[in-house]
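Quick note: residue numbers are just sequence positions, from 1.
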Amino acid sequence: ARAEIDHNFAGFQVGRRPDLNLCLPDPSVSKLHAEFVATDVELMVRDLSSTNGTFVNGRRITQDTPVDEYDIVRFAGFEFVIGKTCLDSTRTQQSTIDEWMQTLTQFQRLMSERAVVPHFQPIVQLGDGETIGYEVLARSILPGLCSPRDMFEAAERSNQAASLSDLCRRSGIEAGQRIPAPAVLFLNTHPSETIETGLLESLAQLRCMAPEQPIVLELHEAALTHPKEIAELRQALRTMDIQLAYDDFGVGQSRLQELAEVAPDYLKFDMSLIRDIHLSAQRSQFVGGLVRLALDLNILPLAEGIENSLEADVCRDLGFTHAQGYFYGKPAAADSWS
């Protein structure tokens, strides 16, 4: 559906009544459901004590809420995407909105049909080259949502990133049962997932699905900005027999003090530090110092993104205990590793 909001109007009302600016003749919609109010600087949506609620990007609103281009507004069961239209760019703007609506439709299908296709990338011990586990990486075959980047971009714009992340972990656990044991599964999280948003409940359900499955939960290095919360999470993970890894270490501000205070089981060094490390003595020296620090803290250092034997040899010499990258295997479906 499409409705035009003229900023010259003081308000734009939505509901079941036929005299409103946008009439949605459905019993789920209240007679006077909500309204848009345009100020000089922003567009606001206001719920008018509706029975079934007004939602912005998946969240029910209880007060005036600003909306911007590509935000999703839902009145009961009717969804709309906010778009800006200029007289000289109407066709371009409408084309962009149409593309986003197509992506949104595909994303809703991804979630409702659980259409995530887990892929698994080997993680090896550098000492003997033995595969000890796999990182679970999400893919799909739906047009426009084939890569994790596309999937999570759509999820973030529709405020469903945590739900998608949970689905990826569940799908990975289910498919991972086809990989011969013992195989540790490294499962990712999204930055929006916290204890407050239900991460622990999600992990507890995973543990019930696979009581004996060895699991490592990966957190982005940025999580170190909240050491108290991560310490609470680490303790909860231990009660569920789930290990902890910090991912992409070195890509941002590596907070060494917090690393020592809330030590993970694994520290995954970002591929930007590993790529062509055999060509830079200075970088090798720097990374080697971080590896020794990790080992001193009883943390297993893991090198990501290794693509050739030269990088592998340097990482082994620097003391890395584990490694991952195309040199050891590209991400593939579970049946490829069985």
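Pairing each heavy atom of Ala34 with each of Thr54, the nearest pair is CB-OG1, 3.6 Å. Nearest heavy-atom pair across Ala312 and Leu126 is O-CD2, 4.3 Å. When all heavy atoms of Ile306 and Cys315 are compared, the closest pair comes out as CD1-SG, 4.0 Å. Between Pro122 and Thr131, the shortest heavy-atom contact is CB-CG2, 4.2 Å. Shortest non-hydrogen contact noted between Gly250 and Leu273 is CA-CD1, 4.1 Å. Shortest non-hydrogen contact noted between Phe75 and Val29 is O-CG2, 4.3 Å.
If you chain together hydrophobic residues whose side chains sit under 4.5 Å apart, Ile173 and Phe186 never meet in one group. Clustering ILVMFWY residues whenever any of their side-chain heavy atoms sit less than 4.5 angstrom apart, transitively, puts Leu217 in a cluster other than the one holding Leu300. Phe286 is connected to Leu295 through a chain of hydrophobic side-chain contacts under 4.5 Å among Ile, Leu, Val, Met, Phe, Trp and Tyr, so both are in one cluster. The cluster map of Ile, Leu, Val, Met, Phe, Trp and Tyr, joined by side-chain heavy atoms under 4.5 Å apart, puts Leu279 and Val314 in different clusters. Side-chain heavy atoms closer than 4.5 Å link hydrophobic residues (I, L, V, M, F, W, Y) into clusters, and following such links, even through other members, never connects Ile277 to Tyr326.
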Inset, instruction - Assess whether side chain to side chain contact (heavy atoms under 4.5 Å, CB included) is satisfied between Phe107 and Leu142, documenting all intermediate values. - result: CA-CA 9 Å; Phe107 180 75; Leu142 297 182; over 6 Å; no
Inset, instruction - Applying side chain to side chain contact (heavy atoms under 4.5 Å, CB included), run through Ile132 and Ile123 and close with a yes or a no. - result: CA-CA 6 Å; Ile132 59 97; Ile123 293 175; 4.0 Å; yes
Legend entry - Residue pair Glu196, Glu229: steps toward the side chain to side chain contact (heavy atoms under 4.5 Å, CB included) verdict: CA-CA 10 Å; Glu196 287 74 16; Glu229 181 176 333; 3.7 Å; yes
Inset, instruction - Begin from the C-alpha positions of Asp68 and Asp71 and carry the test side chain to side chain contact (heavy atoms under 4.5 Å, CB included) through to its verdict. - result: CA-CA 6 Å; Asp68 204 347; Asp71 281 341; 3.9 Å; yes
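The CD atom of Glu135 lies 6.5 Å from the CD atom of Gln121; values are rounded to the nearest 0.5 Å. Within the model, atoms CG of Leu22 and CZ of Arg17 stand 13.0 Å from one another, a figure rounded to the nearest 0.5 Å. Rounding to the nearest 0.5 Å places CE of Met209 at 12.0 Å from CG of Leu203. To the nearest 0.5 Å, atom CG of residue Asp150 and atom CG of residue Leu145 are 6.5 Å apart. Interatomic distance, Ile242 CD1 to Leu185 CG, rounded to the nearest 0.5 Å: 11.0 Å. A distance of 9.5 Å separates CG of Asp335 from CZ of Phe120, quoted to the nearest 0.5 Å.
When side chains are defined from C-beta on, Met240 does not count as touching Leu206, because their heavy atoms never get closer than 4.5 Å. Residues Tyr134 and Val136 are not in side-chain contact: their nearest non-hydrogen atoms beyond the backbone lie 4.5 Å or more apart. At a threshold of 4.5 Å between non-hydrogen side-chain atoms, the residues Arg16 and His33 do not count as touching. Residues Arg139 and Pro148 have side chains in contact (heavy-atom distance under 4.5 Å, counting atoms from C-beta outward). Contact of the Leu164 side chain with the Leu110 side chain is registered, since non-hydrogen atoms from C-beta on lie closer than 4.5 Å. Contact check for Ile215 versus Arg207: side-chain heavy atoms found under the 4.5 Å cut-off. Side-chain contact between Phe36 and Asn21 is absent, with no heavy atoms from C-beta onward closer than 4.5 Å. Residues Arg109 and Gln106 meet the side-chain proximity criterion, which asks for heavy atoms closer than 4.5 Å.
Side chain of Arg292 to backbone of Gly319: no donor-acceptor contact under 3.5 angstrom is found. A donor-acceptor contact shorter than 3.5 Å is absent between the side chain of Ser165 and the backbone of Ala161. A donor-acceptor pair under 3.5 Å is formed between the side chain of Thr321 and the backbone N or O of Pro301. Side chain of Ser202 to main chain of Gly198: no donor-acceptor pair is present (N/O by atom type, distance under 3.5 Å, no hydrogens or angles). With Arg46 contributing its side chain and Glu35 its backbone, the two residues share no donor-acceptor pair below 3.5 Å. When atom types are taken as modelled, the side chain of Thr189 and the backbone of Glu218 share a donor-acceptor pair closer than 3.5 angstrom. Although no hydrogens or angles enter the test, the distance criterion places no donor-acceptor pair under 3.5 Å between the side chain of Arg178 and the main chain of Trp337. One N or O on the side chain of Gln213 and one on the backbone of Ala183 form a donor-acceptor pair closer than 3.5 Å. Here the side chain of Asp265 pairs no donor or acceptor atom with the backbone of Ala245 at under 3.5 angstrom. Without hydrogens or angle criteria, Arg234 side chain to Ala263 main chain gives a donor-acceptor distance under 3.5 Å.
The number of heavy-atom neighbours closer than 6.0 Å to CD of Gln282, taken from other residues, nucleotides and ligands shown, is 12 or below. Heavy-atom contacts from other residues, nucleotides or ligands closer than 6.0 Å to CZ of Arg60 number more than 12.
Phe152 is linked by a ring pair (Phe, Tyr, Trp, His ring centres under 6.0 Å) to His190, counting only residues two or more places apart in sequence or in another chain. Applying the side-chain hydrogen bond (donor to acceptor under 3.5 Å, both in side chains) rule to Asp313 yields the partners Arg316; only residues at least two apart in sequence or on another chain are considered.
Note: His322 and Tyr266 have perpendicular aromatic rings, judged against thresholds of 30 and 60 degrees for the angle between ring planes.
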